[in-house]
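Report on the structure given below.
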There are 2 protein chains.
Amino acid sequence: MSLPHAILTALLERPSSGLELTRRFDKSIGFFWPATHQQIYRELGRLEQAGLIRSCPQPPSRGRRKEYEVLPAGRAALLEWVGQAQDPKPVREPMVLRLRAAAAVGGRGLAEELRRHLELHERQLAEYLEIERRDFPAERLAAGDRRPALQHRVLRAGIGLEQYWVEWLTGTLEVLGEDSVD
Amino acid sequence: MSLPHAILTALLERPSSGLELTRRFDKSIGFFWPATHQQIYRELGRLEQAGLIRSCPQPPSRGRRKEYEVLPAGRAALLEWVGQAQDPKPVREPMVLRLRAAAAVGGRGLAEELRRHLELHERQLAEYLEIERRDFPAERLAAGDRRPALQHRVLRAGIGLEQYWVEWLTGTLEVLGEDSVD
DNA sequence: AGCTACATGTAAAGGGTTACATGATTTT
DNA sequence: AAAATCATGTAACCCTTTACATGTAGCT
């Protein structure tokens, strides 16, 4: 049940239409919870029916822009969700599986894939670092108000994860390169 | 399409019945691709129909143990999958979302949740390190044959990820603790 | 009027999760 | 024989993914 709460958070940060939300997801919240426009429209409908958000009172029609904002009940629901006990989502990482499969059956093409992934993760890392430079310059970090500090921790989670994969992939390529893989 | 290949890998390492596979998943492959017995039985049926595995020729009946082994076609399919181009799975991490929601709406209960997750990740890390001590003692690492080295990289992925979450959660708790969170 | 971009939505397929159902085997 | 346990399997639900469909607005 993360998507509806991700949407509530995004709408609290700024009221938006469905497509606008989709685009904002693509470059911020979506880093930790990606969603397509289909998912977002469906959830917007449910959230509105549940009375947690509302669309601006306009005659609704198919192709017309609908702007949503969070109602007090939505804010309350989000606040409750924040403190709920929820176990961490289990990891699902196919690349690691493929390495294990390669250990069992051999794998000629794997090194190339590892290099490709390394490049993808390096690119994502660079994007995160660029956002950090732009949104969290040194002086703001010293200021000590809580909100930017928390948002910075969110970004830091992404940075650290990408750094980790870069490191792991590099080390794995070294091991793989030590002798030819049949 | 990772689950069928995870199962093929496990069956190559050792032919097993469905329930046995489920238990083995719980303590090795499942660390990177968890699966319940329902998923596993469903996939075993599909893999058998596809001619990638076979069950020992016994009169099949509902409650009787069925042992599966990989056929040559299955090994070939796995080998092909290993080298295929597949983008990394996008991250989905609710805890990071919750932190971002807390930045927007406040969050009294979050610190407790962060501490609970910290403990869970510390426990998982300890389990991985125990496995490493048991299965990859120093002398085997020096030997230089490839297969254990690759399997060690798999375990190392888990260790590094858990270490990372421990570090991130610790740092986040510090930021959160600097002042009270409303 | 036709074209393009914008915006919302529907449909179908597949995987994961949870709860439940049933047959076989072992234990008491 | 009853109970507990092992083992396989069904069913329903939800979420995600992909492809497609429809309506609106602005421009030429």
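Just so it is clear, the model here is predicted, and its values are computed rather than measured. Here is the naming used below: chain letters follow the sequence lines, and residue numbers restart at 1 for every chain.
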[X]: which residues meet the side chain to side chain donor-acceptor pair (under 3.5 Å) condition with it, sequence neighbours left out?
| X | answer |
| --- | --- |
| B:Q38 | B:T36 |
| A:S28 | none |
| A:R14 | none |

Inset, instruction - Would you please confirm or rule out a distance under 4.0 Å between OP1 or OP2 of D:dA7 and any side-chain N or O of B:R65? - result: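 So the side chain of B:R65 is within the cut-off, an N or O lying under 4.0 Å from OP1 or OP2 of D:dA7.
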
Legend entry - Phosphate-side-chain proximity, B:Y41 and D:dG9, N/O vs OP1/OP2 below 4.0 Å: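 Indeed not, no polar side-chain atom of B:Y41 lies that close.
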
Side chains of residues 74-84 of chain A: which donor-acceptor pairs under 3.5 Å do they make with residues two or more places apart or in other chains?
{"unit_1": "A:E80", "atom_1": "OE2", "unit_2": "A:Q84", "atom_2": "NE2", "d": "3.3"}

Legend entry - Annotated protein contacts, base or backbone, on nucleotides 12-21 of chain D with a non-hydrogen cut-off under 4.0 Å, one of B, S, - each: ---SBBBB-B

Qualifying salt bridge (Lys or Arg N to Asp or Glu O under 4.0 Å) pairs with a residue from [range], counting only residues at least two apart or across chains:
| range | answer |
| --- | --- |
| residues 84-98 of chain A | A:D87-B:R116, A:R98-A:E113 |
| residues 148-162 of chain B | B:E132-B:R156 |
| residues 24-43 of chain B | B:E13-B:R24, B:E43-B:R46 |
| residues 121-131 of chain B | B:E119-B:R123, B:E130-B:R133 |

Inset, instruction - Starting from the first five and the last five pairs of the helix from C:dA1-D:dT28 to C:dT28-D:dA1, work out the angle between the resulting helix axes, to 10 degrees. - result: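 Answer for the end axes of this duplex: 10°.
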
Inset, instruction - State which residues pass ring pair (Phe, Tyr, Trp, His ring centres under 6.0 Å) with B:Y68; sequence neighbours excluded, sorted by chain then number. - result: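 Expected list: none.
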
Inset, instruction - Using heavy atoms and a sub-4.0 Å distance, could you list which residues of residues 9-20 of chain B are near DNA chain D? By number, please. - result: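 Result for residues 9-20 of chain B: B:S17, B:G18, B:L19, sorted by number.
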
Inset, instruction - Please report, rounded to the nearest Å, how far the C1' atom of D:dT10 is from the CG atom of B:L44. - result: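 The answer, rounded to whole Å, is 16 Å.
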
Inset, instruction - Please say whether more than 12 non-hydrogen atoms of neighbouring residues, nucleotides or ligands are located less than 6.0 Å from CD in A:E67. - result: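 Yes - once you tally the heavy atoms of other residues, nucleotides and ligands closer than 6.0 Å, there are more than 12.
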
